[in-house]
Amino acid sequence: MTALADAFARARAEERAALIGYLPAGFPNREDSVRLMRAMVEAGVDIVEVGLPYSDPLMDGPVIQAAADQALRGGTTPADVIAIAGDVAKTGAATVVMSYWNPVERFGVEAFARDLAAAGGCGVITPDLTPEESAAWAAATREHDIDRVYLVAPSSTDERLRTVSDACTGFVYAASTMGVTGARSSVSGAAEALVARVRRVTDLPVAVGLGVSTGEQAAEIAAYADGVIVGSAFIRLVLDAPGIEEAESSVAGLARELAAGVRRRRIDAGPVT
Amino acid sequence: MASKNVVTSEEVAKGHFGPYGGRFVPEALTAALDGLDEAFAQAMADPGFHAELERLQRTYVGRPSPLTEAVRFGQEHCGGARVYLKREDLNHTGSHKINNVLGQALLTVRMGKKRVIAETGAGQHGVATATAAALLGLECVVYMGEEDTRRQALNVARMRLLGATVVPVTAGSRTLKDAINEAMRDWVTTVDETHYILGTVTGPSPFPTMVRAFQSIIGQEAREQVLAAAGRLPDAVAACVGGGSNAMGIFAAFLDDPAVRLWGFEAGGDGVETGRHAARFAGGAPGVLHGARTYVMQDEWGQTVPSHSISAGLDYPGVGPEHAWLHDTGRAEYAPVTDAEAMDAFERLCRTEGIIPAIETAHALAGAMRLGRDLGPDAIILVNLSGRGDKDVATAARWFGLPAVDEAAEGR
């Protein structure tokens, strides 16, 4: 069982959703990014998603773009990202990397899976890779026991949901809305319907991301999904903080609020089996 | 519209050109791309669609565009070779871009969508899209790098006059690459009611194949025209290559004529050795950018490297995936042309033919000068004169040390 499956199983055993927190590696700098991600874990994040900063993040809104720019200006490389993921994994939290495809391909598909596994990472989320283009990636990740997480969207057809879910291991990432990353005041009603459709084609856990920023939203999503993914809201706090101390304390504060949220799911949601 | 190719029809159908092309996009766009694929296939099989497109090409664009023999330019600057110019500059809106835009705008209407978005570098694609949107009653938003809105201010004004909203993009290098990122972000959010009229043969499948199909009229006409004018096929076809749509459009008709050498000229900027250029083949490597696998200017870690060119339309770190395949197979050849060489050719065409080309196009003309000197006076060279230079007058005036355009306009 990979660390990812383990994290979802543990949350399920506690009758709650897993909390997944995202921050870009190297933001605001290498050392502090590890510090912030560790703070997330201590405050209740089950799975850490370490973002690989990329020059052309076309699925990201302005907040993640700004953070990625800062990390790139600081000279963060994919090798650093893997090392940072390794540092975070030492907390015991399941640690995955989220990366656009070109940096992985340039690093070497096999080498990326191998080095991440050696560092202690357990999976990779690839927002712009489709199963059709994944032959080499599937082989490399199988070889090194790295989970492959692809995204599904409200616009995905049922056939497409099956294809993508079949290609996933670990969990299926359900984009709550048609759009780019960034906190929204409400999470679209499309998410619940999407999760229900995904459940019809797979037994894998389904986590919902895009637009989630509050404990209230986390509770709402935890009622029907196995995982709640939060990214931009954490970054916003770091961008707004005057220093790393304040950033760390507000990141931990939000993580605690979200962790309480995923434990507060409505009982009328039915069993997550 | 179909032309045989070195790529099998099966590969093209899957959106691949050898190892290049494909679809590397957020899943949210898959349904829209599948829908576009289907709408395009249905349109291609519908005589009514072809008739409507043909009518617009004839009565609105002014097709067929003429073929002009550039006698003095050939004699004086191209080693005496016979040079023919395919006059896409004479199309309505001033470049080849309208060919593709009208095709996609008609598809937009067929798909029942009411809004179009576009990216633009030099502004020619943006102007063409704003034009078609006005003609067909579609809402239009054009994303343009802030740097490009400055150097192509005339085209920004044209788009606004045509009723389009121009959004200056301030992210990244503030050029075409970033405009495409922003257009993709818009599209992923609004895909139900919006069609993204991508302006070149890049991007996820089916864009490279579809845009090539709409641009292939250039080559079809030019092939017939050059046969009629010269009695034989040209020895070489020259085109500039940014994304590569004008080049694919003219190359397509000659792919099965092995004696015809196909030459694409990329922006060499300050010189490939300086790192300030947009020469993907000379200075890039295979990778993935904007939805397709192709040659990309990137660093050792796969981060896109900003491109540089005096020409906004060639200032792009990626290239159409079919060009990548034509490059690897050797069917087409690609070479960089520096800013200085392009501006030299620009001036020579102005002075010998009375034609002010777009600076993008001037790269192809500089290439033709090299080819002519190489091939000699018996050679026939066909150049795709992809656009006219009105938009570049301010840049050119600055380059040649002429009085600034706004001052000249005020009679100072």
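Proteins come first, then strands; the chains are lettered A, B, ... in the order of their sequence lines, and each starts at number 1.
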Can you tell me how far OG1 of T76(A) sits from CH2 of W301(B), rounded to the nearest 0.5 angstrom? 11.5 Å
Within 6.0 Å of CG in D203(A), more than 12 heavy atoms from elsewhere: no
Scanning both residues in full, the closest heavy-atom pair of L107(B) with L36(B) reads CD1-CD1, 4.2 Å
Going by an N to O cut-off under 4.0 Å, is there a salt bridge joining E159(A) and R162(A)? no
Residue part contacting chain A, namely of V305(B), when any heavy atom lies under 4.5 Å: neither
With a 4.5 Å cut-off on heavy-atom pairs, point out which of A79(A), G61(A), P57(A) contacts chain B the most. P57(A)
Engaged part of P154(A) at the chain B interface, taking heavy atoms whose separation is under 4.5 Å: neither
Heavy-atom cut-off 4.5 Å, strictly under: side chain, backbone, both or neither for V104(A) against chain B? neither
R160(A) and E132(A) ion-paired at < 4.0 Å: yes
Could you tell me which non-hydrogen atom of G145(B) sits nearest to which non-hydrogen atom of A179(B), and how far apart they are? N-CB, 3.9 Å
At a 4.5 Å cut-off on heavy atoms, which part of A66(A) comes close to chain B: side chain, backbone, both, or neither? neither
Name the member of T177(A), T157(A), L72(A), L129(A) that forms the most heavy-atom pairs with chain B at distances under 4.5 Å. L72(A)
Leading residue by heavy atom contact count with chain B [cutoff under 4.5 Å; candidates D69(A), V164(A), D60(A)]: D60(A)
Which region of Q65(A), side chain (C-beta onward) or backbone (N, CA, C, O), has a non-hydrogen atom less than 4.5 Å from a non-hydrogen atom of chain B, or is it both or neither? side chain
Given a strict heavy-atom distance threshold of 4.5 Å, which part of A171(B) is in contact with chain A: side chain, backbone, both, or neither? side chain
Select one option (side chain, backbone, both, neither) describing which atoms of D186(B) are under 4.5 Å from chain A's heavy atoms. neither
With a 4.0 Å cut-off on N to O distance, would you call R174(B) and E146(B) a salt bridge? yes
Under 4.5 Å from a heavy atom of chain A, the part of T30(B) involved: side chain
Determine whether the side chains of T202(B) and Y316(B) contain a donor N or O and an acceptor N or O closer than 3.5 Å. no
Under 4.5 Å from a heavy atom of chain B, the part of Y54(A) involved: both
Between S55(A), P103(A), P53(A), A153(A), the one whose heavy-atom pairs under 4.5 Å with chain B are most numerous: S55(A)
With rounding to the nearest 0.5 angstrom, report the CZ to OG1 distance, R148(A) to T126(A). 9.5 Å
With rounding to the nearest 0.5 Å, note down the distance linking CZ in F281(B) to CD in E266(B). 6.0 Å
Looking at V180(A), T130(A), L58(A), which has the largest count of heavy-atom pairs under 4.5 Å with chain B? L58(A)
Side chain, backbone, both or neither: which part of P127(A) has a heavy atom under 4.5 Å from chain B? backbone
